[in-house]
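To start, the structure under review is shown below, and the notes come after it.
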Amino acid sequence: MSQETAAARPGYTDFLSANRGGNLFTLHINQRIGACCALIGHRLGLSPTGLTMINLVFSIGAAACVIAVTPAAVAGDLPWWPIALIVAIAWQLAYSLDCADGQLARVTGTGSPSGARVDVLCDVVSQSGFVAAVSAVAVAYNPETPVWFVAVFASLWMVNLVTSVLQTGESSGSILTSKNLVVETGKMIRDTGAIVLLMPLVLVVHPPWMIWFMVLFTATNGLFLLASIAFTARDALKASAS
């Protein structure tokens with residue numbers, strides 16, 4: 001096989017090596033699935049934006065499924081476990097495709113500013129759908145949930161997306177840079193791959209606990225936002241003083 005032909009047909013390892021990393025679950029699970037998706041997409045002639053749009057279909061479809069069946073599940077007319085299994089697979093595949101579109105763009109050199117914007121916009125829609133699904137289940141099982149709390153949860157959830165967008169290029173960095181296994185495991189609380197698996201697990205184990213899922217991530221995202229502001233302000237002050 002000529003070098004030109006080999007270059008035109010990159011393999012799994014080529015796509016995997018082009019990943020942008022991530023926390024423990026994302027790095028070892030979703031980036032690997034993403035490399036498979038990128039490889040398949042490339043062989044099918046799909047563009048990075050094509051993978052992005054497929055990601056959107058799976059993520060919004062999963063959220064819509066949860067919201068649609070919640071009344072019947074709360075009433076006891078439908079078990080959660082088959083729905084949880086379906087949405088767990090759909091969300092994992094959607095997030096892996098979100099990893100795959102970047103891999104495909106970098107390996108094939110087909111990335112573009114408009115494609116990057118589409119990716120971010122689809123991430124916003126996907127995250128909004130996930131928040132809506134979590135909120136629908138939590139409020140259905142806990143009708144006394146204050147409206148303000150749902151609003152705070154939804155607002156702070158977007159910290160995950162905003163900070164990930166900001167931490168690119170010259171703004172890249174991490175508050176906790178240690179690669180210690182304990183630290184890496186703790187950072188999974190902000191790992192999208194782990195989070196979209198935890199939600200279906202709550203549906204199977206005890207759906208009324210979804211309110212505590214909201215409490216956990218409201219506190220986590222709020223604390224992370226304050227820490228990000230503090231660390232970024234410190235760096236900005238050091239830069240202005242030098």
Side-chain angles (χ1 to χ4, degrees), residues 22-26 29-30 33 55-98 122-164 182 184-227:
N23 292 324
L24 206 59
F25 193 95
T26 292
I29 302 298
N30 299 109
I33 298 174
N55 151 28
L56 183 63
V57 171
F58 276 106
S59 59
I60 291 301
C65 180
V66 171
I67 294 170
V69 305
T70 293
V74 172
D77 298 330
L78 184 68
W80 268 119
W81 72 264
I83 304 302
L85 178 60
I86 291 171
V87 300
I89 294 173
W91 271 323
Q92 285 298 317
L93 183 55
Y95 181 52
S96 297
L97 284 164
D98 190 31
C122 287
D123 284 345
V124 171
V125 176
S126 297
Q127 295 281 343
S128 298
F130 185 80
V131 167
V134 169
S135 301
V137 174
V139 172
Y141 282 99
N142 303 273
E144 71 283 0
T145 303
V147 173
W148 65 263
F149 175 67
V150 178
V152 171
F153 164 71
S155 299
L156 289 177
W157 185 270
M158 300 315 291
V159 170
N160 279 314
L161 181 58
V162 171
T163 54
S164 67
V182 175
E184 288 293 298
T185 301
K187 288 165 68 175
M188 283 175 61
I189 197 169
R190 297 197 67 254
D191 189 322
T192 300
I195 293 170
V196 298
L197 179 61
L198 177 60
M199 191 274 196
L201 288 177
V202 174
L203 290 178
V204 172
V205 175
H206 193 57
W209 286 350
M210 196 62 71
I211 190 68
W212 293 107
F213 180 100
M214 293 177 66
V215 170
L216 172 63
F217 286 101
T218 298
T220 298
N221 290 332
L223 290 172
F224 184 81
L225 175 59
L226 293 175

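All values below were derived from every heavy atom in this structure, side-chain atoms included, with hydrogens, water molecules and symmetry-related copies excluded. Sequential numbering from 1 along the given sequence is applied to the chain's residues.
- At a threshold of 4.5 Å between non-hydrogen side-chain atoms, the residues Asn221 and Leu225 do not count as touching.
- The shortest heavy-atom contact between Ala138 and Thr145 is O-OG1, 4.2 Å.
- In plain terms, the two heavy atoms of Ala133 and Ile67 that are nearest each other are CA-CG1, 3.8 Å.
- Residues Val137 and Trp80 are in side-chain contact: their nearest non-hydrogen atoms beyond the backbone lie under 4.5 Å apart.
- Across every non-hydrogen atom of Asn30 and Ser96, the tightest pair is ND2-OG, 3.2 Å.
- Without hydrogens or angle criteria, Gln127 side chain to Trp157 main chain gives no donor-acceptor distance under 3.5 Å.
- Between Thr70 and Ala136, the shortest heavy-atom contact is CG2-O, 4.0 Å.
- Here Ile60 contributes atom CD1 and Cys122 contributes atom SG; the two are 9.0 Å apart, rounded to the nearest 0.5 Å.
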Starting from the C-alpha separation in whole Å, work towards a yes-or-no answer on side chain to side chain contact (heavy atoms under 4.5 Å, CB included) for Ser59 and Trp91.
CA-CA 5 Å; Ser59 59; Trp91 271 323; 4.3 Å; yes
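- Within a 6.0 Å radius of CZ in Phe58, no more than 12 heavy atoms belonging to other residues, nucleotides or ligands are found.
- Closest of all the heavy-atom pairs between Cys65 and Ile83 is SG-CG2, 4.0 Å.
- We find the CG-CG distance between Asp98 and Asn55 to be 5.0 Å, quoted to the nearest 0.5 Å.
- Thr26 meets the side-chain hydrogen bond (donor to acceptor under 3.5 Å, both in side chains) test with Tyr95, Asp191; sequence neighbours excluded.
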Could you list the donor-acceptor pairs under 3.5 angstrom formed by side chains in residues 195-216, with sequence neighbours left out?
none

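- Within the model, atoms CD1 of Ile89 and CG of Leu93 stand 9.0 Å from one another, a figure rounded to the nearest 0.5 Å.
- The distance from the CH2 atom of Trp148 to the OG atom of Ser155 is 12.0 Å, given to the nearest 0.5 Å.
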